[in-house]
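Report on one structure; see the data block that follows.
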Amino acid sequence: MIEVIYFAWLRERIGVPRESLQTAALTVADLVAELSAREERYALAFGDLASVRVALDQELADFAAPLAGVREVAFFPPMTGG
Amino acid sequence: MIEVIYFAWLRERIGVPRESLQTAALTVADLVAELSAREERYALAFGDLASVRVALDQELADFAAPLAGVREVAFFPPMTGG
Amino acid sequence: MRVVVQAEAFDAGAELNAFSAQAAGAGAVVSFTGLVRDNGGALSMMEIEHYPGMTEKAIAAMMDQAAARWALVDALVIHRFGRLAGADPIMMVAVASKHRVDAFEAAEFLMDYLKSRAPFWKKEISATGGAWVAARDEDEAALKRW
Amino acid sequence: MRVVVQAEAFDAGAELNAFSAQAAGAGAVVSFTGLVRDNGGALSMMEIEHYPGMTEKAIAAMMDQAAARWALVDALVIHRFGRLAGADPIMMVAVASKHRVDAFEAAEFLMDYLKSRAPFWKKEISATGGAWVAARDEDEAALKRW
C-alpha cells in the first residue's frame with residue numbers, strides 16, 4: 001500500500017485529498033498511467049504532466065523515479081509560495 | 001566671499017567646521033592649492049586628494065570644476081553612510 | 001534559524017525588531033514581506049494550501065543552503081496558510097549578516113526558492129469564485145542565477 | 001516617498017508596519033536596516049556626521065532615480081546622525097512594489113548609493129578614542145552595476 005496525496009487543483013479534480021492505493025507501478029510515471037487508465041478524473045488531472053510536480057516521501061522527485069520503498073507520493077501543480 | 005565647509009577628518013585637521021574666504025581661485029583645484037600654500041593645516045588636510053571629495057552648492061563636483069557663481073564649497077572624505 | 005508555518009496572522013514589524021535584537025554582531029538586516037495585493041480597492045482574499053511536514057523540511061533545507069553559501073548571523077522564514085484577508089502579510093523572510101551584500105543575496109535566494117520550491121499553493125478568492133494562482137515563468141527562471 | 005534625517009532613534013518594526021499598511025497595491029515590501037555592529041560584546045558607540053541640506057537633497061535624488069528605474073509603489077529612507085549606541089538602528093530603507101524583483105533591486109540600489117554618495121561620515125568610538133570609518137573599495141565598486 002502506498003499513500004497518495006493531492007494538492008490544489010489536482011486535489012479538486014481527483015476529488016479526494018489523499019488515498020491509500022494498492023499498486024504494482026515501478027515508477028511515478030507507471031503510477032500516473034495506472035491511475036489515468038483507471039478513471040476519467042485521474043486522466044483529467046494528469047492530462048498535462050508539464051503542470052504536475054511530484055514528491056516522494058516529501059522530497060521533490062521526477063516521473064522516472066522508482067517507487068520501491070516509497071511510503072508517500074504527492075502530486076501537485078507548480079508551487080506558488082512566497 | 002565664498003563659504004567653505006569641512007567634514008569629518010578634514011574638519012578635524014583644518015580645525016574649523018566652516019569659514020568665509022576671499023579667493024581669486026577659478027577652480028576647486030586652485031582653491032585647494034591656495035589654501036595649502038597658506039597654512040600647514042590645509043596642506044596636511046589636502047595632502048592626498050584621492051581621499052577628498054568636493055561638493056559645490058551641495059552637488060558633488062570634481063576638482064576641475066569652476067567656482068564662478070558658487071556660494072558654498074564643501075570638502076570631505078569619501079562618504080560612509082548606510 | 002527559525003521556520004514558522006502557521007495559519008495565524010503575524011506582526012511583521014514586531015518580528016523584524018525581535019529578529020534584529022537577537023542577531024548579535026549583525027550590521028545588516030534585510031526583510032521581505034509578501035502582502036495580499038489589494039487589486040484596485042476590491043476586497044481580495046487568498047486561500048493558501050500547503051503540504052504539512054514537507055513545507056517545514058523544504059524551507060529548512062533552503063535555509064541550510066543559504067547559510068552554507070553566505071556569511072549569515074541568522075535567518076527567519078514565516079509563512080502563513082489558510083484564508084488571508086487583503087493586505088495581510090502572507091509571509092516574511094529576514095536575514096541578518098555582518099555586511100549588506102550577504103543579507104540581500106541570501107534573502108533573494110530564499111525568496112526565489114520559496115516562490116517555486118516550497119509546497120504552497122495560492123488561490124485568489126473573489127466575488128465570482130476562486131482561481132489558483134499560476135506559477136510564473138519568471139519565478140522558475142529566477143532560480144537559474146543561484 | 002519620504003526621506004527622514006534625524007538624530008532621534010526610530011523603531012524599525014513600527015516604521016515597516018506603517019510603510020506596508022499605506023502601500024496600496026503592493027505585494028512585496030523589502031526593508032534594509034543598518035545596525036551598529038556589536039564587536040564581540042564590547043560596547044560600541046558611533047558618531048555620525050552629515051551635511052545638513054545636502055543630505056536630504058542627495059537622498060531624494062537617489063529615490064527619484066530608483067522610481068524612474070523600477071515600478072515602485074513607495075519608498076522610505078530614514079537615516080540617523082549624531083551619537084548612536086551599540087545595536088541601535090543607524091538607518092533603514094523600505095521599498096514597496098507589486099513584484100519582489102523591483103523591490104529588491106531598488107532597495108539594493110538605494111543602499112549602494114546611500115553608502116557612497118549620501119554625505120554621512122561614521123566615526124567609531126571606543127574606550128581608546130575615535131576612528132573615522134574608511135570607505136570600502138567594494139562599496140565604491142558596487143555602484144558600477146547600476
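Quick caveat, the model's predicted, so the values are computed rather than measured. Each chain gets a letter, A, B and so on, in the order the sequences are listed, and its residues count up from 1.
When the shell of 6.0 Å around CZ of Arg71(B) is examined, it contains 12 or fewer heavy atoms from other residues, nucleotides or ligands. Environment of CD in Glu59(B): sparse, with no more than 12 heavy atoms of neighbouring residues, nucleotides or ligands closer than 6.0 Å. Atom CG of Asp137(D) has 12 or fewer heavy atoms from other residues, nucleotides or ligands within 6.0 Å.
The parts of Ala8(B) that come within reach of chain D are both its backbone and its side chain, each placing non-hydrogen atoms under 4.5 angstrom from that chain. When heavy atoms are compared at a cutoff of 4.5 Å, Ala134(D) approaches chain B solely by way of its backbone atoms N, CA, C and O. For chain B, the nearby parts of Lys115(D) are the backbone and the side chain; heavy atoms of each come within less than 4.5 Å. Only the side chain of Met91(D) comes within less than 4.5 Å of a heavy atom of chain B; its backbone N, CA, C and O stay farther away. For a residue to count as touching a neighbouring chain, one of its non-hydrogen atoms must lie under 4.5 Å from one of that chain's; by this rule Arg117(D) touches chain B with backbone and side chain alike.
Contact tally against chain B (heavy-atom pairs below 4.5 Å) for Lys123(D), Arg80(D), Met111(D): the top residue is Lys123(D). Residue with the most contacts toward chain D among Gly82(B), Ala74(B), Ser51(B), Pro78(B): Gly82(B) (heavy-atom pairs, distance under 4.5 Å).
For the atom pair Lys122(D) NZ and Met79(B) CE, the distance stands at 12.5 Å (nearest 0.5 Å). In this structure, OG1 in Thr80(B) is found 11.5 Å from CZ in Arg136(D), a value given to the nearest 0.5 Å.
Checked by atom type and distance alone, the side chain of Trp121(D) pairs as donor or acceptor with a backbone atom of Pro77(B) at under 3.5 Å.
Ring-plane geometry between Tyr51(D) and Phe7(B) is classed as tilted, the angle between the planes lying from 30 to 60 degrees on a 0 to 90 degree scale.
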(request) Take Met54(D) and Leu60(B), measure what side-chain contact (heavy atoms from CB on, under 4.5 Å) needs, and give me the verdict at the end. (result) CA-CA 10 Å; Met54(D) 179 172 169; Leu60(B) 285 173; 4.0 Å; yes
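A salt bridge links Arg11(B) to Glu49(D): at least one charged side-chain nitrogen sits closer than 4.0 Å to a carboxylate oxygen.
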